[in-house]
Trainee: 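Pasting in a structure now, in structure tokens, and then I'll have a few things to ask.
Note on naming: letters A, B, ... go to the chains in the order of the sequence lines (proteins, then strands), and numbering restarts at 1 for each one.
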Amino acid sequence: MNEILKLLEQDARLTPEQISVMLNRDVDEVRAEIEQLEKTGIILGYRAVIDWDKTDREYVSAVIEIKITPQRDRGFDYIAEKIYNYPEVESLTLMSGGYDLSCVIKGRSMKEVANFVANKLSTIDGVLSTSTHFVLRKYKYDGVVYGVVEKDERGHDFI
Amino acid sequence: MKPYSELLSRAVLGIEPSGIRKYFDLLDEVKDIVSLTVGQPDFVTPWHIREAGIHSLEEGRTYYTSNSGLAELRSEISKYFARRFNLNYSPNNEIIVTVGGSEAIDLTIRTVVNPGDEVIMPTPCFVCYEPIVRLSGGVPVIIETKQKDDFRLTASDLRAAITDKTKLLILPFPNNPTGAIMAEEDLEAIADVLRDTDILILSDEIYAELTYERQHVSIASIPGMRERTIIASGFSKAYAMTGWRLGYLAAPAEIVKHIFKVHQYAIMCAPTTAQYAAIEALKNGDDDIAEMTNEYNRRRRYIVNGLRSIGIDCFMPQGAFYVWPYIGSFGMKSERFCERLLYEGGVAIIPGTAFGACGEGYARISYAYSVRHITLALEKIEKFIKSL
Ligand SMILES: Cc1ncc(COP(=O)(O)O)c(C=O)c1O
């Protein structure tokens with residue numbers, strides 16, 4: 001696996017200088033490679049991992065299982081695009097198994113989410129059914145455990 | 001009643017708690033410091049290993065194991081020696097599972113050393129060898145390793161230290177605190193000195209998995225050395241299992257037979273839960289080691305580069321997770337430098353003198369910390385140095 005990607009996935013704030021030292025590589029080479037990764041859309045962005053539950057932001061999120069009929073020539077993509085273009089949609093993935101699309105949406109309240117499903121999602125041509133599950137608590141997301149602040153508990157008198 | 005100083009063992013009374021107790025007391029006092037002192041991994045034990053320990057508890061495996069450790073664990077240790085270091089030790093009578101590498105070191109020294117025996121130890125080194133040797137009435141013979149030799153033990157220094165009283169050579173590589181290793185050709189040279197003597201070797205290989213540019217080689221794999229070598233090792237550093245307190249030793253059956261008696265009467269057996277976890281570590285933990293070693297390696301390059309770029313001369317360590325920079329050029333004794341860095345710079349590192357008199361002029365910096373933490377510490381060190 002690409003070592004630069006691995007490092008940046010862990011900590012996107014690492015600079016090319018730091019990465020080049022850690023991997024014992026030329027800094028210009030590292031810089032060029034990162035640029036290339038960005039250009040080809042392998043690196044799509046850099047951002048902070050935020051536990052919004054610890055802020056005063058009011059929101060609910062829900063996972064919606066969606067069954068659709070694939071469109072001739074365009075498969076699932078056409079409907080998927082219609083759905084993901086809504087800014088409320090946080091993630092959308094095509095699934096194997098009992099339903100087709102898994103959609104995570106975020107809204108200010110349950111009512112707002114319900115409205116989105118009723119008025120926007122269900123009315124899209126080709127959406128056969130939806131099943132909405134509200135998220136109660138986030139334990140771990142994208143490899144990060146939520147709600148736990150790590151503390152160094154190692155004593156310093158063992159040398 | 002008489003004062004305790006007249007009641008307690010003279011050997012124990014004669015041991016210093018730690019050369020730099022004063023510095024450690026300071027560490028407790030000063031708040032909000034960035035510490036680079038810790039001698040244990042920052043990783044938590046991989047979950048599958050913890051899970052194996054938990055599972056053993058759920059199954060009710062809360063009894064003593066056999067004195068020398070679970071048969072399955074000894075068998076896995078035996079396979080591990082063969083797989084990683086090309087060594088053959090019988091699980092039946094050449095391996096004892098111990099309470100950390102620490103117990104393995106203690107047992108070995110107690111089994112080998114008679115009062116008056118000389119024990120050669122290259123320094124700087126881990127702090128436990130000398131006091132334990134003294135407890136047995138042994139006489140520590142110090143060899144000072146040097147930066148010009150990459151802090152390796154040289155054959156000529158060894159030859160010069162040997163007398164007719166020499167009983168044991170302690171070989172602490174990869175080394176805490178210098179990060180030095182002994183490559184195969186270095187060990188060959190040491191073996192040439194020892195081959196026609198009756199000197200035994202205690203090889204402390206606790207950091208064997210943490211080498212960065214070449215694989216660890218055990219002195220026991222050099223012809224003529226196995227018969228005289230006791231290997232002390234363990235799970236603490238390689239698998240991030242310090243708190244489980246589990247290690248092991250390996251040696252020829254005729255030596256293990258006697259070490260076993262000390263272990264049996266003093267300890268009975270190593271912790272059972274930890275032994276079950278260790279089986280899982282040896283069976284399925286090779287990838288964990290590789291991943292952690294990779295991470296240490298990146299930090300090693302990062303911290304050495306950082307120190308050098310702020311003008312601190314620093315040997316490139318080859319193993320363990322410490323750097324051993326030369327700070328003598330700042331015109332202070334090591335302990336004074338570290339004290340001032342602590343008070344004025346807010347960073348804690350360990351004065352080199354904690355690891356032997358020849359550590360004067362040096363300090364030990366641990367990189368068992370995140371890159372972010374190391375970066376912060378380096379910035380503070382730089383600021384402090386500029387203020388001098
Ligand atoms: C060189 C060396 N040997 C042995 C040990 C003992 O480790 P443990 O008893 O945890 O296995 C340590 C721990 O710091 C060490 O640095």
Trainee: Hey, is NZ on Lys138(A) packed in by over 12 heavy atoms from elsewhere, all under 6.0 Å?
Mentor: yes
Trainee: Heavy-atom distances under 4.5 Å only: say whether Val304(B) touches chain A with side chain, backbone, both or neither.
Mentor: neither
Trainee: Looking at Tyr369(B) and Asp152(A), what are the two nearest heavy atoms and their distance?
Mentor: CE2-OD2, 3.7 Å
Trainee: Would one find more than 12 heavy atoms of other residues, nucleotides or ligands at under 6.0 Å from atom CG of Asp125(A)?
Mentor: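 Not more than 12 within 6.0 Å, no.
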Trainee: Look only at the side chain of Arg154(A) and the backbone of Gln40(B), and say whether a donor-acceptor pair between them is shorter than 3.5 Å.
Mentor: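 Flag set: sc Arg154(A) to bb Gln40(B) pair under 3.5 Å.
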Trainee: Under 6.0 Å from the OH atom of Tyr139(A), do we count more than 12 heavy atoms belonging to anything else shown?
Mentor: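 Count not over threshold, so no.
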Trainee: Within a reach of under 6.0 Å around CZ of Arg13(A), are more than 12 heavy atoms found that belong to other residues, nucleotides or ligands?
Mentor: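 Check fails, neighbour count at 12 or below.
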Trainee: With a 4.5 Å cut-off on heavy-atom pairs, point out which of Cys128(B), Pro41(B), Pro177(B) contacts chain A the most.
Mentor: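 With the most close heavy-atom pairs to chain A, the winner is Pro41(B).
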Trainee: Do other residues, nucleotides or ligands put more than 12 heavy atoms under 6.0 Å from the NZ atom of Lys54(A)?
Mentor: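 It does: Lys54(A) NZ has more than 12 such atoms within range.
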Trainee: Rounded to the nearest 0.5 Å, what's the gap from OG1 on Thr375(B) to CG on Leu14(A)? Could you check?
Mentor: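 Thr375(B) atom OG1 to Leu14(A) atom CG measures 8.0 Å (nearest 0.5 Å).
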Trainee: If you count the non-hydrogen atoms of other residues, nucleotides and ligands that lie under 6.0 Å from CE in Met316(B), is the total more than 12?
Mentor: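 Yes, the 6.0 Å shell around CE holds more than 12 heavy atoms from other groups.
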Trainee: Less than 4.5 Å to any heavy atom of chain B: does that hold for the side chain of Ile19(A), its backbone, both, or neither?
Mentor: neither
Trainee: Tell me, side chain or backbone of Ala368(B) under 4.5 Å from chain A's heavy atoms, or both, or neither?
Mentor: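 For Ala368(B), heavy atoms of backbone and side chain both lie under 4.5 Å from chain A.
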Trainee: Crowded around Arg57(A) CZ? As in, over 12 foreign heavy atoms under 6.0 Å?
Mentor: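 Atom CZ in Arg57(A) is packed in, count exceeds 12.
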Trainee: Are the side chains of Gln10(A) and Glu295(B) in contact, using a 4.5 Å heavy-atom criterion?
Mentor: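 Answer yes - side chains close enough.
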Trainee: For Phe43(B), does the CZ atom have more than 12 heavy-atom neighbours from other residues, nucleotides or ligands under 6.0 Å away?
Mentor: yes
Trainee: What's the spacing between Lys6(A) NZ and Glu291(B) CD if we round to 0.5 Å?
Mentor: 5.5 Å
Trainee: Taking Arg301(B) for the side chain and Met22(A) for the main chain, is one N or O donor matched with an acceptor at less than 3.5 Å?
Mentor: yes
Trainee: Can you tell me which portion of Thr242(B) sits under 4.5 Å from chain A's heavy atoms? Options are side chain, backbone, both or neither.
Mentor: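 Answer is neither: Thr242(B) stays 4.5 Å or more from chain A.
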Trainee: Show, in sequence, the C-alpha distance, side-chain angles and deciding distance for Arg298(B) and Leu7(A), and conclude whether the side chain to side chain contact (heavy atoms under 4.5 Å, CB included) test is met.
Mentor: CA-CA 10 Å; Arg298(B) 291 191 285 262; Leu7(A) 286 180; 3.3 Å; yes
Trainee: Under a 4.5 Å heavy-atom cut-off, does chain A meet the side chain of Arg372(B), its backbone, both or neither?
Mentor: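 The answer is the side chain of Arg372(B).
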Trainee: Rounded at 0.5 Å granularity, tell me how far OG in Ser370(B) sits from CD in Glu150(A).
Mentor: 9.5 Å
